[in-house]
Protein chains: 4
Amino acid sequence: MIVQLNLQCDVPLYLQLRNQIVLQIGEGLAQPGERLPTVRELAAQLGVNAMTVNKAYALLKQEGYLVQDRRAGTAVAKHFPPAADFTAKLERDLSLLTAESGLRGIDEETFLALCRKQYRRFGTGARTAKEGSGCSL
Amino acid sequence: MIVQLNLQCDVPLYLQLRNQIVLQIGEGLAQPGERLPTVRELAAQLGVNAMTVNKAYALLKQEGYLVQDRRAGTAVAKHFPPAADFTAKLERDLSLLTAESGLRGIDEETFLALCRKQYRRFGTGARTAKEGSGCSL
Amino acid sequence: MIVQLNLQCDVPLYLQLRNQIVLQIGEGLAQPGERLPTVRELAAQLGVNAMTVNKAYALLKQEGYLVQDRRAGTAVAKHFPPAADFTAKLERDLSLLTAESGLRGIDEETFLALCRKQYRRFGTGARTAKEGSGCSL
Amino acid sequence: MIVQLNLQCDVPLYLQLRNQIVLQIGEGLAQPGERLPTVRELAAQLGVNAMTVNKAYALLKQEGYLVQDRRAGTAVAKHFPPAADFTAKLERDLSLLTAESGLRGIDEETFLALCRKQYRRFGTGARTAKEGSGCSL
DNA sequence: GTGGTCTAGACCACC
DNA sequence: GTGGTCTAGACCACG
């Protein structure tokens, strides 16, 4: 679990951590079902307080990205809840990004190419992982 | 200038205001060169503190979306600064959105269709402005 | 806001607080829209840490019982979200209560009478409050 | 003894187990006097630690739902202790449920119908047992 | 050894 | 003034 937190950034640490973990899952670096480091371990590794990691894990659990097994620590969920009101949030976020992109001279093709590139890098990790998660023998 | 602020949203008011103004420019509702209400006017209209509006205007000016003329007050800029480090931010934001979308079951076509839709609505408002993007002096 | 916490009880303080606030809303003692004490105020009054109150408020906000206005503190929501998966939880809880009641010799009439009594005391506070919330002059 | 434990639920395993056993008794699936699996058997069947099952059995014994005979192992009690302070707990639990139900829009008839349904399913399993509730010696 | 809870006290962003 | 974040360190329930 390689995570980099930026203490200068105004985004709260627990949110940065939450985002990085989502990225890692999306990119396939953290496979569904895979165990994550202990709250204390990760806290020590990152040099932050355990409660900060705890908050990130709790948020991810609430969002359905992580599950917490009663006996052993925290793991990536095996499947993720469908959109729900996520689409609305997505539209809002995209509208802002497209507005800024358009104003700053990024044309439609360029913008969509970027979207495609990012989707192929981050948006498919969990799906492909689910298929080929057996031993390749 | 029709702006709706959500007092119960966790996004700071000044940021909500900033975002809405960007959207209006992107959508073409606020044309380049168009004058905006004064800080006091807008604050009164929205029922918020003048400092809040001030902060939003200052941020937008710093980002190059607005210009402040000592005599003519605040107006939408006539041309907007090119990408610079905006692309980096865009990539970061998109990577998070694509990761979440992929995990929540939004496939590539759906995602790209949504991107296109939003771009065509918000990302083209200043198209005409881009043509005449000479020096605004 | 009269709340009693039991330090001996094994229910976490923040949950006890959460429950008590739900009861007060249900009973009509805390009217929709009414402001609640500050996190710090309530913490001082109860003799607990501010983070404990914070956690209770955050939970209640997430559940839709409270709203947090950006400028001023916390208030009771004006209307509450519909059931969603609450009914499932309700059924599970009731099944356990009915099983224990039956085994301990509480017959159906007695049980239902108790349910009715509690519903009339706690389950109607917000609805009646919404109607008659004007001045009675 | 068919029991399903949810490892990702926030309810402790021993409590889930205790609740399920109460439900089975209430529903009549486990008859008064019937023998239960040994701690080890049930632990193996459920894939949990024996201490967990032990804890659930001990709790149920203390509550009067189970009896432990040195020779015959653990069995469902033949009669159950009357209310005592159970009514107080019942009232507390019901008050919270009614408050939440009322606020979430479940009206009195719906609520009571649900109570009745659950009582008829779970609250009547030991009816016959109550008749012969003499001393179990 | 795991996560959950709580404390006392600090700093900061927002309004 | 508000709530939000973070820290360092403690204790506890669970398994």
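Quick caveat, the model's predicted, so the values are computed rather than measured. Residue numbers start from 1 in every chain, and the chains themselves are labelled A, B, ... in the order their sequence lines are given, proteins ahead of strands.
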Query raised in the report: When you check every protein heavy atom under 4.0 Å of nucleotides 5-15 of chain F, what one-letter string (B, S, -) results, 5' to 3'?
Result: BBBB-----SS

Report task. Grab the CG-P distance between C/L42 and F/dG3 for me, whole Å please. Result -> 10 Å

Query raised in the report: For the residue pair D/G64 and D/P81, what are the closest heavy atoms and their distance?
Result: O-CD, 3.9 Å

Query raised in the report: Out of A/N6, A/L7, A/L5, which residue meets the side chain to side chain contact (heavy atoms under 4.5 Å, CB included) rule with A/C9?
Result: A/N6

Query raised in the report: How close or far is atom P of E/dT2 from atom OH of A/Y57, stated in whole angstroms?
Result: 11 Å

Report summary line: Heavy-atom nearest pair, B/L103 first then A/G26, reads CD1-N, 4.2 Å

Query raised in the report: C/L59 CG to F/dG3 P: how many Å, rounded?
Result: 16 Å

Query raised in the report: Quick one: salt bridge (charged side-chain N to carboxylate O under 4.0 Å, His left out) pairs with a partner in residues 39-56 of chain C, sequence neighbours left out?
Result: none

**Report entry** Residues forming a salt bridge (charged side-chain N to carboxylate O under 4.0 Å, His left out) with D/R35, sequence neighbours excluded
**Finding:** none

Requested in this report: Please name all residues satisfying salt bridge (charged side-chain N to carboxylate O under 4.0 Å, His left out) with C/K61, sequence neighbours left out, ordered by chain then number.
Outcome: none

Query raised in the report: Does OP1 or OP2 of F/dT2 have a side-chain N or O of C/T74 closer than 4.0 Å?
Result: no

Query - Protein-nucleotide distance (B/D10, atom CG; F/dT2, atom P), rounded to Å - result: 20 Å

Report summary line: So the stems of DNA chain E, runs of at least three Watson-Crick or G-U pairs (under 3.5 Å), are E:1-14 with F:1-14

Query - Whole-Å gap separating P (E/dT2) and CD (A/E41) - result: 6 Å

Query - Euclidean distance, atom CG of residue A/D69 to atom P of E/dG4 [Å, nearest integer] - result: 12 Å

Query raised in the report: How close or far is atom C1' of E/dA13 from atom CD of A/Q8, stated in whole angstroms?
Result: 17 Å

Report task. Considering only NZ, NE, NH1 and NH2 on the basic side and carboxylate oxygens on the acidic side, decide whether A/D85 and A/K89 come within less than 4.0 Å. Result -> no

Report summary line: Whole-Å distance, A/L36 CG to E/dG3 C1', equals 14 Å

Query - Residues which pass salt bridge (charged side-chain N to carboxylate O under 4.0 Å, His left out) with A/R18, listed by chain and number, not counting sequence neighbours - result: A/E63, B/E100

Query - Spatial distance of atom CG (A/L46) from atom OG1 (A/T52) [nearest 0.5 Å] - result: 9.5 Å

